[in-house]
Amino acid sequence: MFLLKKGICSLPAFNLINKTDSLLPSCIFNQVRTYAARKGTREKARKKKVKVEVKKVEFIPQKLREKTKPKSTGPRRIKDDFKPLPSDNVWVGHYYRWPIYNFEDAVECHRETHHPDIYNLPNAPLHAYIELDMTGVKKNKYVDPFTRLAKIPHGFNTNEDRSILVFCKTPEIREEAEVAGATLVGDVDVVKKVERGEVMLPDFQYILAHPNILPELVSLKGVLKKKFPSLKQGTLGANIGEMVKGFKTGVQYIALRDEIELDYGWVDSPIGTLSMDKAELEANFKCLLEDILNMRPKREGPFITRAMLKCPPSVEKLKVNLESMLHDEFEKDGYESD
């Protein structure tokens, strides 16, 4: 054994190195501390550690917070064109193509299920469930959700009390508006009452006007803002009676868009009751489709992809043939005929 100054090594561990004609031993040393650390070393080491600063997060309103998207349960737009057609009257719906009904046949099917012997709701509301392709002009842009009022030709009880304010001058037009169901009808006197705050505009859902009073109505443009009567919105016109009836008995609907499948949108709106005539229901349904098509983007391809009829409390949806109702759209926009 050779004792060195700061370690111990054995003879086999020597490596002879020829350096300036001298032999120097080199070995692996295992250093062992036999004394305590210098006083204050551990305290200095603790001070050198970076302290983690906890930053206070400011309060974020609920509207500005990022919404957590729900987990996807699969595509909502179902395509079954590749499935075969059923060969008889009894089949498993999962393995065959969804049957398509004419509008009258679909209404008759719902009347059978709501017969007094089954649901016993012969006057149940009939809903139209319409699927939309919300893709915009660019593939990465989508149509925003929108709310509109479809002026259907045959009104029904929607359980909504709509208040309508009409501005017009002549007594004949005022009488026509009152007969149609307007809440308040007036001329320049009502304009002055609005300016003085005696008539509250938020109390009225819709504000209509005749063109003959439009010059006097300009002073309220800053107060009315988006409710100011215009031809584009259909709130300005000479036929006040039809306008009031359209807004009074029309169907207000909302086009929604899926949060995950951004190109999928839908409209769920009532179009009448089962007790109404089939021709009236079909006219209301066609009017709703035409009003939705007014919001389609300027691109190729269909905007309305599928339409179904449903009638609560039944969950059954019957697919309706759109080719007979949207014949021009099928030819122009490239609808795929089923």
Side-chain angles (χ1 to χ4, degrees), residues 125 128 146-255 267 269-273 275-277 279-296 325:
F146 55 89
T147 303
R148 287 179 61 88
L149 182 75
K151 299 173 184 177
I152 56 176
H154 305 284
F156 61 97
N157 185 15
T158 57
N159 296 323
E160 295 182 15
D161 187 14
R162 297 172 184 170
S163 54
I164 301 174
L165 173 61
V166 178
F167 291 102
C168 57
K169 282 186 175 181
T170 61
E172 295 80 6
I173 300 176
R174 294 182 58 180
E175 185 179 356
E176 184 181 355
E178 292 174 354
V179 172
T183 308
L184 178 62
V185 184
D187 49 9
V188 184
D189 295 337
V190 179
V191 176
K192 293 180 180 179
K193 289 181 180 180
V194 173
E195 292 176 350
R196 293 194 298 265
E198 298 178 7
V199 176
M200 303 302 294
L201 294 178
D203 296 339
F204 302 94
Q205 292 178 282
Y206 304 102
I207 299 176
L208 313 181
H210 193 274
N212 59 10
I213 200 174
L214 197 58
E216 289 82 358
L217 206 62
V218 176
S219 60
L220 298 179
K221 195 169 185 178
V223 181
L224 296 175
K225 296 181 181 179
K226 292 183 179 181
K227 287 187 176 182
F228 190 81
S230 64
L231 294 172
K232 185 178 180 180
Q233 297 178 355
T235 54
L236 179 66
N239 198 341
I240 291 293
E242 291 186 2
M243 289 171 54
V244 173
K245 288 181 180 178
F247 282 94
K248 195 74 175 179
T249 62
V251 174
Q252 189 173 10
Y253 64 91
I254 303 175
V267 172
S269 173
I271 58 174
T273 59
S275 60
M276 294 175 61
D277 187 72
E280 296 178 352
L281 292 172
E282 187 173 0
N284 290 350
F285 180 62
K286 189 175 182 179
C287 181
L288 177 62
L289 294 176
E290 292 175 352
D291 192 84
I292 293 174
L293 287 175
N294 291 330
M295 297 298 295
R296 67 178 179 180
M325 298 184 178

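Residue numbers run from 1 in the order of the sequence given.
Taking a 6.0 Å sphere around CG of D161, one finds it holds 12 or fewer heavy atoms contributed by other residues, nucleotides or ligands. In this structure, L201 places its CG atom where more than 12 heavy-atom neighbours from other residues, nucleotides or ligands lie under 6.0 Å away.
With a 4.5 Å cut-off on side-chain heavy atoms, C168 and I213 do not count as touching. Residues V190 and F167 have side chains in contact (heavy-atom distance under 4.5 Å, counting atoms from C-beta outward). Proximity of H210 to V166: side-chain heavy atoms (C-beta onward) are nowhere separated by under 4.5 Å. The shortest side-chain heavy-atom distance between I164 and L208 falls under the 4.5 Å cut-off.
Between the N284 side chain and the H154 main chain, a donor and an acceptor come within less than 3.5 Å of each other. Using modelled atom types, no side-chain atom of K248 and backbone atom of A182 make a donor-acceptor pair closer than 3.5 Å. Between the side chain of R162 and the main chain of G250, a donor-acceptor pair closer than 3.5 Å is present.
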Task: side chain to side chain contact (heavy atoms under 4.5 Å, CB included) between V267 and I254, intermediate numbers included - done: CA-CA 6 Å; V267 172; I254 303 175; over 6 Å; no
Open item on the list: Could you walk me through whether V194 and V191 satisfy the side chain to side chain contact (heavy atoms under 4.5 Å, CB included) test, starting with their C-alpha distance in whole Å, then the side-chain angles of each, then the deciding distance to 0.1 Å, before giving a yes or no?
Closed with: CA-CA 5 Å; V194 173; V191 176; 5.8 Å; no
Open item on the list: Determine whether Y206 and L149 satisfy the following criterion, side chain to side chain contact (heavy atoms under 4.5 Å, CB included), listing intermediate values before the conclusion.
Closed with: CA-CA 11 Å; Y206 304 102; L149 182 75; 4.0 Å; yes
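Among residues two or more places apart in sequence or in another chain, the salt bridge (Lys or Arg N to Asp or Glu O under 4.0 Å) test is passed with E198 by R196. K169 pairs by the salt bridge (Lys or Arg N to Asp or Glu O under 4.0 Å) definition with E216, not counting sequence neighbours.
When all heavy atoms of V244 and A177 are compared, the closest pair comes out as CG1-O, 4.2 Å. Of all non-hydrogen atoms in A209 and L217, the two that sit nearest each other are CB-CD2, 3.8 Å. E160 and Q252 get closest at one heavy-atom pair: OE1-OE1, 4.3 Å. For the pair T183 and S163, the tightest heavy-atom approach, listed with the atom from each and the gap, is OG1-CA, 3.1 Å. Annotation for I271 and F156: closest pair C-CE2, 3.5 Å, computed over non-hydrogen atoms. The two residues K245 and A180 have their closest heavy-atom pair at CG-CB, 4.0 Å.
Aromatic ring orientation, Y253 versus F146: perpendicular (interplanar angle above 60°, classes split at 30° and 60°).
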Which donor-acceptor pairs under 3.5 Å do side chains of residues 224-240 form with protein atoms, sequence neighbours excluded?
{"residue": "K227", "atom": "NZ", "partner": "F204", "partner atom": "O", "Å": "2.8"}
{"residue": "S230", "atom": "OG", "partner": "Q233", "partner atom": "N", "Å": "3.4"}
{"residue": "Q233", "atom": "NE2", "partner": "K226", "partner atom": "O", "Å": "3.2"}
{"residue": "T235", "atom": "OG1", "partner": "S230", "partner atom": "N", "Å": "2.9"}
{"residue": "T235", "atom": "OG1", "partner": "S230", "partner atom": "O", "Å": "3.4"}
{"residue": "N239", "atom": "ND2", "partner": "E242", "partner atom": "OE1", "Å": "3.3"}
{"residue": "N239", "atom": "ND2", "partner": "E242", "partner atom": "OE2", "Å": "3.2"}

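Of the inter-residue distances, the one linking D291 atom CG with K286 atom NZ reads 14.5 Å to the nearest 0.5 angstrom. In this structure, the separation between CG on L281 and OG1 on T273 is 6.5 Å, given to the nearest 0.5 Å. To the nearest 0.5 Å, the span separating NZ on K192 from CG on L220 amounts to 12.0 Å.
Looking at S219 and E195, their side chains do bring a donor and an acceptor atom within 3.5 Å of each other.
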